[in-house]
Amino acid sequence: MITENHRFIFEEHIPEYKLAGRANHPEDTLVEAGGVKIGAGCPIAVMAGPCAVESAESIERIAEQVKAAGAGILRGGSYKPRTSPYSFQGLREEGLAYLKNAGRANGMPVISELVSEKDMDLFTDNVDLIQIGARNMQNFALLKAVGRIGKPVLLKRGTGATIDEWIMAAEYILAEGNPNVILCERGIRTFEYATRNTMDLAVVPIIKEKTHLPIVIDPSHATGNWKYVEPVALAAVAAGADGLLIEVHDDPDAAASDGMQSIKPERFAELMDKARLVAKAVGREI
Ligand code: PEP
Ligand code: MN
């Protein structure tokens, strides 16, 4: 039975997604990042690479391998939002240049995380897709700043954010005039500790119902364990995700960050082969 209290929660407080919602924009949004199309029934976009750019040589090596396996976009963090200030913080400007070069050498657009508005020019010059990480999902000043530029933005869900809060964060970017927003689920914080985060895969149909924006799944941060990355990635493809974001490292034990959840290039190639089959089964391509 719906009580008055529920009515208040469900009706009065249902946020209005003027720009992200389907009411004023029924058709799916297609976002283009450096020539790769994401969303609106396009082939599933796969973004792969190390958690962090570690050197020019390593990002070049990994870029070649993920490209050969079929990834369309190269990922690599250069400004790392680490839990501890004593952990590797990223190669910053230098890392972005290595990432861009490795991407260009392999014909791949690149994605990297922006953590501060002061680095915006560097990102507009070097990156094709700007990642806003889980920790900054409600950094409204940063959301407004990326809303004022034309570059596509991949907005990760905050670890403690509801779907409505996440869509409202996307609304901030759209409201500033940037229509190129992609949502990315990377797991949320729950009582469960068998995985680093809890993958909320139901977001795929929910986001598609509530919004017209593309939805990408990140099985690496969601599970925190390389062994679980492939099954969760395949499930995401089966559920209708528009893209995958996967951490790949050729020497995970020596990785500067997130080695535990990074898969080796050979395993990534196997994952891609299986993902193609799953995609075909649900009427999609990769
Ligand atoms: C990352 O992509 O390496 C990252 C830090 O992601 P998240 O914001 O999802 O933790
Ligand atoms: Mn990472």
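The first residue of the sequence shown is numbered 1, and numbering continues consecutively from there. Atoms within each ligand, like the ligands themselves, are counted from 1 in listed order.
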Open item on the list: With side chain to side chain contact (heavy atoms under 4.5 Å, CB included) as the criterion, how do Gln65 and Asn106 come out once you've worked through the C-alpha distance, each side chain's angles and the decisive distance to 0.1 Å?
Closed with: CA-CA 10 Å; Gln65 289 169 304; Asn106 290 282; over 6 Å; no
Task: For Gly133, atoms of ligand 1 separated by under 4.0 Å from a heavy atom - done: 8 (O)
- [ ] Report yes or no: does Gly77 have a heavy atom closer than 4.0 Å to ligand 1?
- [x] no
Open item on the list: Within ligand 1, which atoms have a heavy atom of Lys156 less than 4.0 Å away?
Closed with: 1 (C), 2 (O), 4 (C), 6 (O), 7 (P), 8 (O), 9 (O)
Task: Atom name, Asp258 (N, O or S, nearest to the Mn ion (ligand 2)) - done: OD2
Task: Distance filter under 4.0 Å to Cys51 heavy atoms, resulting ligand 1 atoms - done: 3 (O)
Task: Min heavy-atom dist Glu113 to ligand 1 below 4.0 Å - done: yes
Task: Check: Asp218 N/O within less than 3.5 Å of ligand 1 N/O - done: no
Open item on the list: I'd like to check whether Pro81 has a polar contact with ligand 1, where a contact means an N/O of the residue lying under 3.5 Å from an N/O of the ligand.
Closed with: no
Open item on the list: I need the single residue from Lys80, Arg196, His249 that forms a side-chain hydrogen bond (donor to acceptor under 3.5 Å, both in side chains) with Asp258. Which is it?
Closed with: Arg196
- [ ] Rounded to the nearest 0.5 Å, what's the gap from CG on Leu183 to CH2 on Trp166? Could you check?
- [x] 5.0 Å
TODO: Identify, by name, the N, O or S atom of Glu247 lying closest to the Mn ion (ligand 2).
DONE: OE2
Task: Rounded distance [0.5 Å steps], SG in Cys42 versus NZ in Lys37 - done: 6.5 Å
Task: Metal site angle (apex the Mn ion (ligand 2)), SG from Cys51 and NE2 from His221, 10 degrees - done: 170°
Open item on the list: Is there a side-chain hydrogen bond (donor to acceptor under 3.5 Å, both in side chains) between Glu94 and Tyr98? Walk through the geometry before answering.
Closed with: CA-CA 6 Å; Glu94 194 186 343; Tyr98 297 157; 2.6 Å; yes
Open item on the list: With a 3.5 Å distance limit and no angle check, can you tell me whether Gln261 reaches the backbone of Thr223 through a side-chain donor-acceptor pair?
Closed with: no
Task: Name of the residue among Leu114, Leu245, Leu155, Val115 meeting side chain to side chain contact (heavy atoms under 4.5 Å, CB included) with Gln131 - done: Leu245
Task: Between His212 and Glu27: side-chain donor-acceptor atoms closer than 3.5 Å - done: no
Open item on the list: Please compare Arg75, Arg186, Arg157 and report which has the shortest non-hydrogen distance to atom 2 (O) of ligand 1.
Closed with: Arg75
- [ ] Could you say whether the N/O atoms of His221 and ligand 1 ever approach to under 3.5 Å?
- [x] yes
- [ ] May I ask you to identify the nearest protein heavy atom to atom 3 (O) of ligand 1, giving residue, atom name and distance to one decimal place in Å?
- [x] Lys80 NZ, 2.9 Å
Open item on the list: To check your reading of the model: name the closest protein heavy atom to atom 8 (O) of ligand 1, its residue, and the distance in Å.
Closed with: Ala134 N, 2.7 Å
- [ ] Give, for atom CD of Glu285 and atom CD1 of Ile44, the distance between the pair rounded to the nearest 0.5 Å.
- [x] 9.0 Å
